[in-house]
Amino acid sequence: MRAAALENAPTAAASRLLADVHALDAVRALESREPALIRLEAVLGRDFADRLVAALSDEDVDRSN
C-alpha cells in the first residue's frame, strides 16, 4: 500500500516539471517562426536549400534501405 500511495502522490519535482512544460508551451505559442524553407535558405543559401528540399521530396528515390 505504501508504494501505491507514493506513486499517486505528486512530488514537488514533478509539479515543477509540469509547470516548466506549461511555461514553455506558452512561450512557443507567442513565438512566430519563419517557415523551415526560409530558415534553410538563410543558413545554406537559396540554391543549396532548394536542391536539398527537392532531393528529399523526390518520390522516385527508393527509401526501403
| Hey, quick one: are Val53 and Ile38 part of the same hydrophobic cluster, counting side-chain heavy atoms closer than 4.5 Å, chains of contacts allowed? | no

| task | Report whether Leu17 and Leu24 are members of the same hydrophobic cluster (ILVMFWY, side-chain heavy atoms less than 4.5 Å apart, transitive linking). | result | no

| Pairing residues for Leu52 by the side-chain contact (heavy atoms from CB on, under 4.5 Å) criterion, not counting sequence neighbours | Leu44, Leu56

| request: To the nearest 0.5 Å, tell me how far Arg39 CZ sits from Glu34 CD. | output: 8.5 Å

| message | Is any side-chain heavy atom of Asp50 closer than 4.5 Å to one of Leu37? | response | yes

| query | What residues, two or more places apart in sequence or in another chain, satisfy salt bridge (charged side-chain N to carboxylate O under 4.0 Å, His left out) together with Asp47? | reply | none

